[in-house]
Amino acid sequence: MTHSPALALMPANESTRDVALELYAEVADAPILSPHGHVDPGMLLRDDPFADPAELLITKDHYVTRLLFASGVPLDELGVGPAANADPRSIWRHLAENWHRFAGTASAYWLEHELRTLFDIVDEPSAENADALYDTIAAWLQNPDFRPRALFDRFGIEVLATTDDPLDDLAAHAALAADPDFRGRVLPTFRPDAYLDPQAAGFADRVTRLLESTGRPATFAGYVQALRDRRAYFIEHGAVSADHGVLEPYTTDLDPATAQDLFAQALKGALDARSARELRGHMLFQAAKMSVDDGLVMTVHPGVRRNHHRPTFDAFGPDTGHDIPVRTEYTENLRPLLEAFGTEKNLHLVLFTVDETSFSREIAPLAGFYPSLYIGAPWWFLDAPDAILRWRAAVTETAGFYRSSGFIDDTRAFLSIPARHDTSRRLDAAFLARLVVEGRISRPTAGRIARDLVDAIPREVFKL
Amino acid sequence: MTHSPALALMPANESTRDVALELYAEVADAPILSPHGHVDPGMLLRDDPFADPAELLITKDHYVTRLLFASGVPLDELGVGPAANADPRSIWRHLAENWHRFAGTASAYWLEHELRTLFDIVDEPSAENADALYDTIAAWLQNPDFRPRALFDRFGIEVLATTDDPLDDLAAHAALAADPDFRGRVLPTFRPDAYLDPQAAGFADRVTRLLESTGRPATFAGYVQALRDRRAYFIEHGAVSADHGVLEPYTTDLDPATAQDLFAQALKGALDARSARELRGHMLFQAAKMSVDDGLVMTVHPGVRRNHHRPTFDAFGPDTGHDIPVRTEYTENLRPLLEAFGTEKNLHLVLFTVDETSFSREIAPLAGFYPSLYIGAPWWFLDAPDAILRWRAAVTETAGFYRSSGFIDDTRAFLSIPARHDTSRRLDAAFLARLVVEGRISRPTAGRIARDLVDAIPREVFKL
Amino acid sequence: MTHSPALALMPANESTRDVALELYAEVADAPILSPHGHVDPGMLLRDDPFADPAELLITKDHYVTRLLFASGVPLDELGVGPAANADPRSIWRHLAENWHRFAGTASAYWLEHELRTLFDIVDEPSAENADALYDTIAAWLQNPDFRPRALFDRFGIEVLATTDDPLDDLAAHAALAADPDFRGRVLPTFRPDAYLDPQAAGFADRVTRLLESTGRPATFAGYVQALRDRRAYFIEHGAVSADHGVLEPYTTDLDPATAQDLFAQALKGALDARSARELRGHMLFQAAKMSVDDGLVMTVHPGVRRNHHRPTFDAFGPDTGHDIPVRTEYTENLRPLLEAFGTEKNLHLVLFTVDETSFSREIAPLAGFYPSLYIGAPWWFLDAPDAILRWRAAVTETAGFYRSSGFIDDTRAFLSIPARHDTSRRLDAAFLARLVVEGRISRPTAGRIARDLVDAIPREVFKL
């Protein structure tokens, strides 16, 4: 068995593979729409060459550093954290020596895709070839074709959404939009978590800055209006969505007096855990209300216990690999929000999860009724080949394809964007081909769906 | 790849498919045993022609109307609700125009099966052919061969269970049984939920009517006896099972004084939520006790938050597409019931779920020990090809095939009954064929199991 | 389709099967490392012939007796329980007559493997051949090649861990180690559950014996030291791990005064449920601390409601087939332990589960960060072909292969050990082959992983 990259992620059965390859061919070169991710817009604005292979492929990618850490490599030897000063070549060597430990992970698949398609590297990294591969990549990075904007064009990215603090001035986005030499759409995304969770560190200071910057009074009504002000600013700068990362998707509609009371206590840092939950739940409800009014798509990414290992957080900061999923409940938690806004035409609510159990039990049934609610593509730990196929199998039988969101890459690893979208397209083709061969959909319908999944559907869901 | 209906739902791998086709051939034409469903017995009694394609295939099927609603079609344009007066042809057009949105769902598979086998329609519905298809179907419905009884015969239905209110006089069942021209068995099913849940709207009035109609006193003992009276009446009319739709399968054995106290409060509408849960849990326990005594099979369908969207419920009533599953726990909840009655020979307790996580974790292990407990076939959102195969894979390795219930269609869509049973038979054949090819069961054993799954097993489990 | 045992559990697709067979060939004959199980070391010490087919294959295997019980055979007719005196031949007949009820279960697969490879029996047991098969097996058991030590050699077992009470004198282990005629390693495992759970029946008496036997004072510090003493004794006798069976993996770090207080109450039997949970959680935390200090691998098997059916427990004792899984939470429960010890080099913490939902959501993400934490192989109800493949698919994309534990058979059915390890090797080969064919790992890497999974990985994880 010689494996060909052309057949990657394709079904082993020949009849099914033939259909899958046809379907994939129809979408392989479609433009990339990336309506949610974490790329730094400044990178595209400055268009500097990438520093070195380690920073580009390892240090900033916590999917990669976490598994190296689990394999025994200290984080500071991987360039992680404020005090990091590890040598890039030695960081790269850690990855190469531990390459077999990544076998079967999505990260390994994406990295091999990048090495092959961008750097013409087909050998697997190893202790033996680590230095040679490092030199090869480092040499390519000096090539002007490897600057961020050149890659943006080469990748065929039409839309790239970033994720931004509500008080961000969005200067980078404005500069990119104004730049006649840059034709891509780089859109900000409103991410207000730290302003909505009264238990977030620095909440009171942050909200105070929000109120000052918008000139709104320190009342609950002022607070909500200040958030609306900043959303309007984001919309002016092209934003299409607001993203919410919450521990649980609990929602509640508090009466104004209670909301004011809890808000006042929160500003004083006097809120107990139970009341904090109520205020958080009310703010998720309010966020939906804002979306009904201003049209920003509302994405919700719940169910992750952030910074599970406090000693690592204290030493190295957030996003260092120990965010761990927890069980997540949608049916009861979202009911107040959905009773109030679930049939509003202007609301698009996209639900993500890292708890697979909710796909067939809660998310697909909800999306199969509420016109506002879309099934988010597999996220984070679930954005991987087998998990993606499990997801399609779990949601499609209840809600079809047109209630799903289209793929989002959610990445801060710029080079992985084509690999991730290509993975999604191949797997959707494979999934559709199976349904064709099993007589569950016709071949023409499969073609239409394959095309819509990379074009019409994300454009509709994210109002692009 | 040209798809043939004969190969529908069959494995793509040729060796496996050959075995699957052999196994399927052994059961394809077996009589249909439908021990749980929601067909109106009056339809068979009156034997009127079906009114029109929309009422027949869309309006009364909340699997279909829900996804159209999610796709943007208002429910009143689909003929749903008390004030509905939409034109049948325009309802049909909504479905045809949105046909691609159903691709991959179980409903689409069933509908295509019905269109092909009943109406000789092989084209997919679309905006273009909507009117022509409507006319074709409407013409067929005028044909005497399309009256309910003719279809009942054509479908090969041997037993059809309905679902009925405990105070139903079962006149339709009696008339059918007495009709020399109708040879099918149409059995009532005792469905007492609204009489067992003190928080159900109208509970006190309903129980009062129950007591009056049976002449029992307004005590807890009288209440239990009244339920027993009505079960006896159902048994006289051919009932084999009692069905319980509960939010959670919580059970508890209250002492008589507590039960009496809670019941008295319930009649006064004075029960708090916690006590209501206790009384509900005690009534599920009592229902098992009644089954031990009178032999009615006890089916439990838990874990659905009914009428999730109150505004839709208020305007359109129940069963309008927004019943949403919730996590369901069986191991602890059922323990009191099973400790008391789990090894009783006369009890057959069939557990259904819409929470797939319970299949391998709870339901199969329970059925692998308790002789009274059977694994219910995949229900509702899970009654679909991939979900059915996931179910078999999840439960069989722990409990084998003979602890499962046999297929139930649970449908109010009369025309879908053959499609649903055929789906189940094909998938069981496919599943068994895989085990044969993987050397996990022998070919003769697979044949025996395939036959037993459509005959001996449902007859045993449902005491047919 | 004629099935060949050589192709058992191999993929139906030919390309994938070719790769799988190659990979399997590389590991099929590797020595068996069994670092967790329940075989009686006295059996190997005495080396008596096995008594009869029923005791060997049925009576002591609650996987088998439970499903016979569910099928209507009373436990006492299966030789289960203190008062059992059923005739072995009649026990065997029960199994043979109900053989079709086991089709598709892991137990049937293992038993057929044993019948074929050990007793040259290829016919399926049935009512007709029951006596003949019984006689065949009984005759083989008289053969000296079927004594425990001869089978130990024939099976190629290099290491076999048993499971032992902390106060066990380990005389059997010592005698085996000292026996020049026995070359296998038979290692004790420290299993202190009944000494750590203040709600276990007989807790106070048992702890008192522990304190007396070690000469430690009846304080919390003395209690901890006594446990450390016994762990040291186990380590002297070759133990490599301590095993913890808990209802939930809750951990907490109590201050010394609270621990002392709860311990004193526990000895008096005066602990309420809430405090008992705290003390249990603290002892799991303490167990990790002991492992950091003495190096015993810590295995945790949570999430089983033991002895679900009290009447059966009262009549027949524990391990009689009604231990039922419950939902299990790892992320929050283990956080205190992992914050304290999760990055300790000396700690190896292996997490098992019978709740599949935790694989992709919690266990793989935890093992993908914490160097101390390994993903336990599928356990109990999940140690079966389809469940094993689901497990690999659920964890590998997040954590790769090298964060998993290697196979453990966890069995008290000595004869099933080769069947179980062979099953695991075939399925790992099948899983790896699929990844090769899908272009997700290279063929050479797959070979390395297949070999490491049966050798380097269990040796590292269990410090063999």
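Reminder, nothing fancy here: chain letters follow the sequence lines and each chain counts from 1.
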Which region of B:D314, side chain (C-beta onward) or backbone (N, CA, C, O), has a non-hydrogen atom less than 4.5 Å from a non-hydrogen atom of chain A, or is it both or neither? neither
What residue in A:T331, A:D18, A:L366 has the most heavy-atom pairs under 4.5 Å with chain B? A:T331
State, to 0.1 Å, how close B:A70 and A:A367 come at their nearest heavy-atom pair, and which atoms those are. CB-O, 3.5 Å
From the list B:E14, B:H62, B:R101, B:M10, the residue making the most non-hydrogen contacts under 4.5 Å with chain A is B:R101
Lys/Arg-Asp/Glu bridge criterion (N-O < 4.0 Å) met for B:R327, A:E329: no
Keeping B:H100 on the side-chain end and A:I449 on the backbone end, is there a donor-acceptor pair under 3.5 Å? no
Inspect the contact between A:R434 and B:D386 and indicate whether a charged nitrogen and a carboxylate oxygen are less than 4.0 angstrom apart. yes
Between CZ on residue A:F369 and OG1 on residue B:T312, distance to nearest 0.5 Å: 3.5 Å
Any side-chain to backbone donor/acceptor pair from A:R335 onto B:H308? Under 3.5 Å, distance only. yes
Pair A:Y370 + B:H322: ring centers closer than 6.0 Å: no
Is it true that the side chains of B:E356 and A:T357 contain a donor and an acceptor less than 3.5 Å apart? no
Contact class of B:L68 relative to chain A, heavy atoms under 4.5 angstrom: neither
Could you tell me which residues in residues 106-123 of chain B have at least one non-hydrogen atom under 4.5 Å from a non-hydrogen atom of chain A, sorted by residue number? B:A106, B:Y109
Within this structure, what is the OG1-CH2 distance for the pair A:T398 and B:W380, rounded to the nearest 0.5 Å? 11.0 Å
With a 4.5 angstrom heavy-atom cut-off, is it the side chain or the backbone of B:R426 that approaches chain A, or both, or neither? neither
I need the single residue from B:D355, B:T328, B:T353 that forms a side-chain hydrogen bond (donor to acceptor under 3.5 Å, both in side chains) with A:R361. Which is it? B:D355
So CD1 of B:I324 and CD of A:E362: to nearest 0.5 Å the spacing works out to 9.5 Å
Top of A:A399, A:A12, A:A446, A:G342 for chain B proximity - count of heavy-atom pairs under 4.5 angstrom: A:A399
Less than 4.5 Å apart, any side-chain heavy atom of B:P385 and any of A:E438? no
pair B:F69-A:P371: side-chain heavy atoms closer than 4.5 Å: yes
Could you tell me which portion of B:V354 (side chain, backbone, both or neither) has an atom closer than 4.5 angstrom to a non-hydrogen atom of chain A? backbone
If you measure from CD on A:E339 to NE2 on B:H309, what distance do you get to the nearest 0.5 Å? 6.5 Å
Looking at B:R306, I want to see if its CZ is surrounded by more than 12 non-hydrogen atoms of other residues, nucleotides or ligands under 6.0 Å. yes
Do the side-chain N and O atoms of A:E397 and B:T105 include a donor-acceptor pair separated by under 3.5 angstrom? no
Nearest non-hydrogen partners of A:T396 and B:A103, listed with the distance: CG2-O, 4.1 Å
I need the residue from B:G303, B:G104, B:G321 with the largest number of non-hydrogen atom pairs under 4.5 Å to chain A. B:G104
